[in-house]
Engineer: 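Below is the structure I would like to discuss, written out as structure tokens.
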Amino acid sequence: MRMAWPELKSAVAMCRDCALHARRTNTVFGVGDEEAEWVFVGEGPGADEDALGDPFVGQAGKLLDNMLAAIQLKRGHNVYICNVVKCRPPGNRNPEPEEMQKCGPFLQRQIELIGPKLIIALGRIAAQNLLARDASIASLRGRVHEYKGVPLIVTYHPAYLLRNLPDKAKALEDLCFAVATMQRLQSGTIDPT
Ligand code: SF4
């Protein structure tokens with residue numbers, strides 16, 4: 001896939017490559033700075049996102065904004081936010097492997113076009129998909145992984161944190177680790193891959 005931004009956005013808007021197209025209200029492409037150093041990737045749109053066509057709105061979106069603020073980041077400023085699948089899985093179920101596989105080239109091209117320094121995978125489904133590994137969040141946290149040559153760090157999904165408040169402290173640890181990693185990437189003291 002070698003599309004530029006306009007073609008890529010149009011292809012997603014018209015896509016019917018998997019069953020998720022049938023019940024969507026809107027595709028949810030992604031939002032933010034298209035030259036961002038930070039890319040945050042969740043698993044898929046929920047009801048609010050499907051209604052509005054934007055990722056991470058509603059309560060989980062507010063928590064993500066608060067998480068960004070905790071590390072002096074702001075949606076749209078050096079930050080891009082998107083999901084593994086661009087259409088809402090019915091009933092907020094997890095995306096099926098086939099759906100993620102069909103939608104994967106869109107995400108891959110988004111990340112190629114952005115060229116971020118660091119990806120943050122939000123939650124188990126996004127992490128497992130991006131890393132092509134069946135592993136727990138606990139086993140993936142606290143280390144720098146890689147997606148197509150881009151360093152990647154794993155933390156909890158904001159929607160999970162809303163249901164499991166004690167794990168917010170662990171998410172903050174992950175974000176502090178991400179900031180330290182970004183500083184090392186910016187200064188060239190670690191190899192990006
Ligand atoms: Fe196409 Fe992705 Fe939507 Fe499936 S989820 S219909 S592959 S845009």
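Order of listing sets the numbers, starting from 1, for every ligand and every atom in it. All values reported here derive from a predicted model rather than from experimental measurement.
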Engineer: Output the list of atoms in ligand 1 that are nearer than 4.0 Å to some heavy atom of Arg24, sorted by atom number.
Structural biologist: 3 (Fe), 6 (S)

Engineer: Dump the intermediate steps for side-chain hydrogen bond (donor to acceptor under 3.5 Å, both in side chains) on Gln110 and Tyr80, then the final yes or no.
Structural biologist: CA-CA 10 Å; Gln110 275 178 303; Tyr80 193 90; 3.1 Å; yes

Engineer: For atom 3 (Fe) of ligand 1, find the nearest protein heavy atom and state the residue, atom name and distance (0.1 Å precision).
Structural biologist: Cys87 SG, 2.3 Å

Engineer: Of the backbone and side-chain N, O or S atoms of Cys15, does one lie nearer to atom 1 (Fe) of ligand 1 than 2.8 Å?
Structural biologist: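 Yes, Cys15 qualifies, because one of its backbone or side-chain N, O or S atoms lies under 2.8 Å.
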
Engineer: For atom 2 (Fe) of ligand 1, what is the nearest protein heavy atom, given as residue, atom name and distance?
Structural biologist: Cys103 SG, 2.3 Å

Engineer: Below 4.0 angstrom from a heavy atom of His21, which ligand 1 atoms are there? Numbered from 1 as shown, please.
Structural biologist: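 Ligand 1 atoms under the 4.0 Å threshold to His21: 6 (S).
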
Engineer: I'd like to know whether CZ of Arg23 has more than 12 heavy-atom contacts from other residues, nucleotides or ligands below 6.0 angstrom.
Structural biologist: no

Engineer: Using modelled atom types only, decide if a donor and an acceptor are shared between the side chain of Asn164 and the backbone of Tyr160 within a distance under 3.5 Å.
Structural biologist: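 At least one qualifying donor-acceptor pair exists.
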
Engineer: Do the side chains of Ile119 and Ile153 get nearer than 4.5 Å, heavy atoms only?
Structural biologist: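 Heavy-atom side-chain distance check fails, nothing below 4.5 Å.
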
Engineer: How close does the nearest protein non-hydrogen atom get to atom 4 (Fe) of ligand 1, and which residue and atom is it?
Structural biologist: Cys18 SG, 2.3 Å

Engineer: Counting only heavy atoms from other residues, nucleotides and ligands, does the tally under 6.0 Å from NZ of Lys9 exceed 12?
Structural biologist: yes

